[in-house]
Protein chains: 2
Amino acid sequence: MGATKTDHFTERQNQIAKIAKALGHPARIAIIEYLLKVNTCICGDIVNELPLAQPTVSQHLKELKNAGIIKGNIEGTAICYCIDEKVVGILNDYFSKIILTVTNQKCC
Amino acid sequence: MGATKTDHFTERQNQIAKIAKALGHPARIAIIEYLLKVNTCICGDIVNELPLAQPTVSQHLKELKNAGIIKGNIEGTAICYCIDEKVVGILNDYFSKIILTVTNQKCC
DNA sequence: TTATTTAATCGTAATATTGCAATATTTAAA
DNA sequence: TTTAAATATTGCAATATTACGATTAAATAA
């Protein structure tokens, strides 16, 4: 026990859950917001923007990258991270559809 | 360590993260999808629809409720759960804005 | 070559999550 | 009242996440 029963759900359900999960931490939301604020992908100063140690930030970046939410290229000693429009779009489309369906729902 | 440093982030960041986190499990996505499918809120049969034991499903429902994603009323021995439009809307608006900003981003 | 800088990885402690059996609770039916 | 049903809660084991110090790796600067 303790491990998620991934193979009992559809690929789609796992995909959405994975993206949502990666965004389910305030530090990672803060990273996303910082990336949007600077409006570019040279982000070597992310560590200074967050109340967390460098290895922790690195780990959060890794998770965002693993979920496909950000993409990064090595650029000398610095790194170039930016938001991957595509993956955020998947989530956005998903929730837009939910909103549409819910609005037509006859409920409590 | 191991606990999220919630108080180091803004209320907004924690709010978004909390909603996203609650959706970060395939079982909870499956619950949402089932609620949408039946298009009503009488959902006593959710347990039969999921590959999980009754206490586990109950726990997932509790988490969705705690995050404000679903709302529920007791209805005899059954329970009446349905999606809370408002909270899903918060997430949807948030990602819509991200998408807009990202599209204008000059990046890699 | 030898610092220096920057980010990733390793190792580990603390805490949280997942899942379920057993049990409790609550309401309706017999 | 007793029984049956549906859902919640408790307790616990297995696993995952969070956070960070120490270290490593890689690239540039001196």
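In what follows, chains carry the letters A, B, and so on, assigned in the order in which the sequence lines appear, proteins first and then strands, with residues in each chain numbered from 1.
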Is a donor on one side and an acceptor on the other found under 3.5 Å between the side chain of [X] and the backbone of [Y]?
X: A:Glu63; Y: A:His60; result: no
X: B:Ser96; Y: B:Asn92; result: yes
X: A:Asn14; Y: A:Thr6; result: yes
X: B:Arg28; Y: B:Leu23; result: no

**Asked** Does any residue of residues 13-32 of chain B have a heavy atom under 4.0 Å from DNA chain C, and if so, which ones, in number order?
**Response** B:Lys21, B:His25, B:Arg28

Report the distance from atom [atom1] of [X] to atom [atom2] of [N], rounded to the nearest whole Å.
X: B:Leu64; N: C:dT17; atom1: CG; atom2: P; value: 13 Å
X: B:Leu52; N: D:dA8; atom1: CG; atom2: P; value: 15 Å
X: A:Phe9; N: C:dT18; atom1: CZ; atom2: P; value: 11 Å
X: B:His60; N: D:dT9; atom1: NE2; atom2: P; value: 15 Å
X: A:Leu50; N: D:dT18; atom1: CG; atom2: P; value: 14 Å

**Prompt:** Which one of A:Ile70, A:Asn66, A:Ile79, A:Val47 satisfies the side chain to side chain contact (heavy atoms under 4.5 Å, CB included) criterion with A:Leu61?
**Reply:** A:Ile70

**Request:** Can you spot which of A:Ile83, A:Ile69, A:Ile46 makes a side chain to side chain contact (heavy atoms under 4.5 Å, CB included) with A:Ile31?
**Result:** A:Ile46

**Message:** So, using side chain to side chain contact (heavy atoms under 4.5 Å, CB included) as the criterion, who are the partners of B:Ser58 when residues are at least two apart?
**Reply:** B:Gln54

Using a cut-off of under 3.5 Å, enumerate the N/O to N/O pairs linking the protein to nucleotides 8-12 of chain C.
from  : atom 1 : to      : atom 2 : distance (Å)
C:dA8 : OP1    : A:Tyr81 : OH     : 2.9
C:dA8 : OP2    : A:Ser58 : OG     : 2.8
C:dA8 : N7     : A:Gln54 : NE2    : 2.6
C:dA8 : N6     : A:Gln54 : OE1    : 2.8

